[in-house]
Amino acid sequence: MTKKVIVLGEAREGVLRNVSFEAIAAAKKISGGGEVVAILLGDSVQALGNEMIHYGADRVVTVEHPHLKTYTSDGYSQAFMAVVENEKPDAVVFGHTALGKDLSPKVASKLQSGLISDVTDIEGEGDGAVFIRPIFSGKAFEKVKIKEGIVFVTVRPNNIEPLAHDDSRSGDVSSVSVDITNLRTIIKEVVRKSTEGVDLSEAKVIVAGGRGVKSEDGFEPLKELADLLGGAVGASRGACDADYCDYSLQIGQTGKVVTPDLYIAAGISGAIQHLAGMSNSKIIVAINKDPEANIFKVADYGIVGDLFEVIPMLTEEFKKMKSN
Amino acid sequence: MNIYVLVKRTFDTEERIVVSGGKIQEDGAEFIINPYDEYAIEEAIQVRDAHGGEVTVLTMGGEEAEKQLRTALAMGADKAVLINVEDDIDELDQFTSAQILADYLKDKNPDLILAGNVAIDGGSGQVGPRVADLLDINYVTTITKLEINGTQVSIVRDVEGDSEVIETSLPLLVTAQQGLNEPRYPSLPGIMKAKKKPLDEVELDDLDIDEDDVVAKTETIDIYLPPKKEAGRVLEGDISAQVTELVQLLRTEAKVI
Ligand SMILES: Cc1cc2nc3c(=O)[nH]c(=O)nc-3n(C[C@H](O)[C@H](O)[C@H](O)COP(=O)(O)OP(=O)(O)OC[C@H]3O[C@@H](n4cnc5c(N)ncnc54)[C@H](O)[C@@H]3O)c2cc1C
């Protein structure tokens with residue numbers, strides 16, 4: 001049987017996040033040929049509708065309201081549930097982002113449904129879809145299916161390949177008005193610490209530094225390499241705790257979970273909580289003075305050496321490669 | 001203030017995972033209080049010390065979880081409750097766990113419930129918000145600061161590295177993120193006192209819930225270890241030759257550049 005699947009799109013600073021397109025690709029699989037409807041919530045999101053269609057959604061429903069400008073679980077769940085009541089979907093897909101993690105359990109509770117969080121892969125299609133997710137900080141994986149009721153999953157960013165962008169696709173973008181009342185949470189202030197440029201959780205290349213970077217200035221050579229490769233800079237908890245960089249760069253169980261094509265770990269020992277955030281990366285390069293460091297156990301390629309010597313040489317070598 | 005903390009017994013962080021027959025082998029493994037729940041326990045104790053009241057730690061599981069409850073009592077919690085579902089339920093998922101916990105809590109009138117933002121075993125982070133929804137109280141996840149003034153609550157919440165400053169009110173459920181506090185170690189007198197503190201055991205029959213209401217919605221059909229990565233290659237030779245080789249490998253073998 002084909003399924004009608006709802007996808008919650010997510011925008012940041014007026015731009016849709018890639019995970020929204022990955023969620024559409026996941027929804028297509030779950031639908032088994034059924035309809036994929038994207039939902040966008042915010043104070044001004046109507047203009048983003050077509051982009052969701054270009055990435056594979058069949059139709060878009062938006063809810064615009066001043067109370068949806070910043071995310072609150074009350075505001076977003078009211079808007080989302082209002083659309084769900086109209087649409088009566090068989091399945092729901094969110095991104096496993098801060099927003100998705102916060103909102104999905106509440107929506108699942110209201111739907112009295114199961115919820116499979118942090119999915120990194122989907123096997124099969126339609127009714128036969130089975131979901132794969134890491135457990136025990138990535139030390140194992142489980143295959144899970146929904147036994148009964150609505151199929152509800154959140155997908156980890158950067159794991160499911162989005163469909164090709166096709167701007168010849170067209171579809172209906174409609175809006176629904178929803179009364180949003182009784183918000184129990186007031187967001188007084190958002191202190192933005194994330195750096196400009198490439199979003200860490202969606203970056204294809206990450207150059208991450210640990211306590212071995214030794215100072216704030218020590219991050220400079222890492223930044224230079226990341227910029228050259230069109231990537232982002234990340235960090236271990238050790239580096240954040242030592243004030244070498246902001247916590248918004250932290251990768252791991254407490255920080256961001258990333259799955260780039262290339263992860264370069266410099267001066268990071270490879271504690272399990274760090275690995276929880278990056279061990280799924282396609283290729284891992286470790287640069288560490290200590291040949292016994294745990295990070296070498298997960299690395300595809302390792303250089304035992306001083307990062308302050310190795311990183312600038314790597315930058316030079318990539319520059320040479322690019323100029324050829 | 002009537003404070004509850006939801007805790008979970010988990011594998012020790014450093015424990016090696018052994019899988020056989022599609023199941024995690026628990027024999028001989030060390031168990032701990034889920035690290036994020038430790039922040040929740042610590043915060044609960046601090047709130048009680050500042051505002052008065054009582055801290056009850058609540059867990060669901062088998063008899064073995066008593067050990068983790070005693071540790072929480074030794075840290076300073078006042079009471080512990082174990083909902084022992086071992087004999088009644090084969091498969092728990094986040095839906096059933098939340099149903100049971102919420103059913104237990106619904107007539108307890110908690111002012112504040114704390115939990116970890118995620119458990120390091122299953123890693124789904126659902127149970128806290130689900131319980132809040134079932135009890136129809138507000139929740140805030142991944143908090144790094146909590147201040148209570150009467151029924152007004154100010155919170156700082158971690159959102160992918162950004163911070164949100166939030167105003168809300170009791171009753172409330174919050175989930176703890178690393179950075180909230182430094183959990184204390186149980187002291188020797190704390191451990192002695194903990195032995196005499198009440199630890200109640202409750203079974204499904206004691207709750208107002210049918211076994212049918214707690215049928216899992218999801219099913220784990222397999223558990224397996226990640227495909228063994230071929231042993232990584234540690235390069236050799238002088239550093240500049242290694243760097244040249246690495247760039248070559250990334251380009252031609254790994255094809256990521
Ligand atoms: C509940 C909990 C949650 C946590 N969450 C996270 C998390 O999300 N993310 C995270 O990262 N950690 C997390 N941690 C902390 C984690 O356990 C480690 O303490 C942390 O990752 C260590 O950071 P590090 O590797 O930078 O530092 P260290 O372990 O001190 O390692 C520094 C490394 O740098 C190398 N080095 C030093 N100088 C040089 C040089 N010049 N050139 C090359 N190499 C050099 C050293 O050989 C060493 O291997 C968490 C811990 C707990 C308890």
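Naming: A, B, ... by sequence-line order, numbering from 1 per chain.
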Novice: Most heavy-atom pairs under 4.5 angstrom with chain B, which of Asp102(A), Ile135(A), Ile283(A)?
Specialist: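 It is Asp102(A).
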
Novice: Does Lys256(A) use its side chain to pair, donor to acceptor, with the backbone of Glu160(B) at less than 3.5 Å?
Specialist: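 Judged by distance alone, yes, a pair lies under 3.5 Å.
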
Novice: Against chain B, work out which of Lys145(A), Gln250(A), Lys101(A), Glu148(A) has the most heavy-atom pairs shorter than 4.5 Å and name it.
Specialist: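 The candidate making the most pairs under 4.5 Å is Lys145(A).
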
Novice: Among Ser109(A), Gly138(A), Ser137(A), which has the most heavy-atom pairs under 4.5 Å with chain B?
Specialist: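 Of Ser109(A), Gly138(A), Ser137(A), Ser109(A) has the most heavy-atom pairs under 4.5 Å with chain B.
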
Novice: Would you say that more than 12 heavy atoms from the other residues, nucleotides or ligands in this model lie under 6.0 Å from the NZ of Lys188(A), or not?
Specialist: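 No - once you tally the heavy atoms of other residues, nucleotides and ligands closer than 6.0 Å, there are 12 at most.
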
Novice: Once you measure the plane-to-plane angle for Phe141(A) and Tyr224(B), does it fall in the parallel (<30°), tilted (30-60°) or perpendicular (>60°) bin?
Specialist: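 Aromatic pair Phe141(A)/Tyr224(B) classed parallel.
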
Novice: Using modelled atom types only, decide if a donor and an acceptor are shared between the side chain of Ser163(B) and the backbone of Val191(A) within a distance under 3.5 Å.
Specialist: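 Answer holds: no.
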
Novice: Taking the side chain as C-beta and beyond, is there a heavy-atom pair between Asp222(B) and Glu142(A) under 4.5 Å?
Specialist: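 Of all side-chain heavy-atom pairs linking Glu142(A) with Asp222(B), none is under 4.5 Å.
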
Novice: Just so I understand: if I count every heavy-atom pair under 4.5 Å between each of Val205(A), Val144(A), Thr254(A) and chain B, which residue has the most?
Specialist: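 That would be Thr254(A).
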
Novice: For the backbone of Leu115(A) and the side chain of Gln126(B), can you confirm whether one donor and one acceptor N or O come within less than 3.5 Å of each other?
Specialist: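 Yes, the answer is positive, given that a donor and an acceptor are paired below the 3.5 Å cut-off.
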
Novice: Does atom CD of Glu64(B) have more than 12 heavy-atom neighbours from other groups under 6.0 Å away?
Specialist: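 Yes - once you tally the heavy atoms of other residues, nucleotides and ligands closer than 6.0 Å, there are more than 12.
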
Novice: Do you know the tightest heavy-atom contact between Arg184(A) and Asp136(B)?
Specialist: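 So the two residues come closest at NH1-O, 3.5 Å.
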
Novice: Under a 4.5 Å cutoff for heavy-atom pairs, which residue among Tyr247(A), Tyr71(A), Phe296(A), Tyr301(A) has the most contacts with chain B?
Specialist: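 Going by pairs under 4.5 Å, I would pick Tyr301(A).
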
Novice: Within the supplied structure, the quantity of interest is the number of heavy atoms (other residues, nucleotides, ligands) at a distance under 6.0 Å from Lys147(A) NZ; does it exceed 12?
Specialist: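 Above 12, so yes.
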
Novice: Any idea which of Ile303(A), Asp306(A), Leu314(A), Ile146(A) has the most non-hydrogen atom pairs under 4.5 angstrom with chain B?
Specialist: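 The residue among Ile303(A), Asp306(A), Leu314(A), Ile146(A) with the greatest pair count is Ile303(A).
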
Novice: Using atom types as modelled and distance alone, determine if a side-chain donor or acceptor of Arg233(B) lies under 3.5 Å from a backbone N or O of Ala299(A).
Specialist: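 Checking the backbone N and O of Ala299(A) against the side chain of Arg233(B), no donor-acceptor pair under 3.5 Å is found.
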
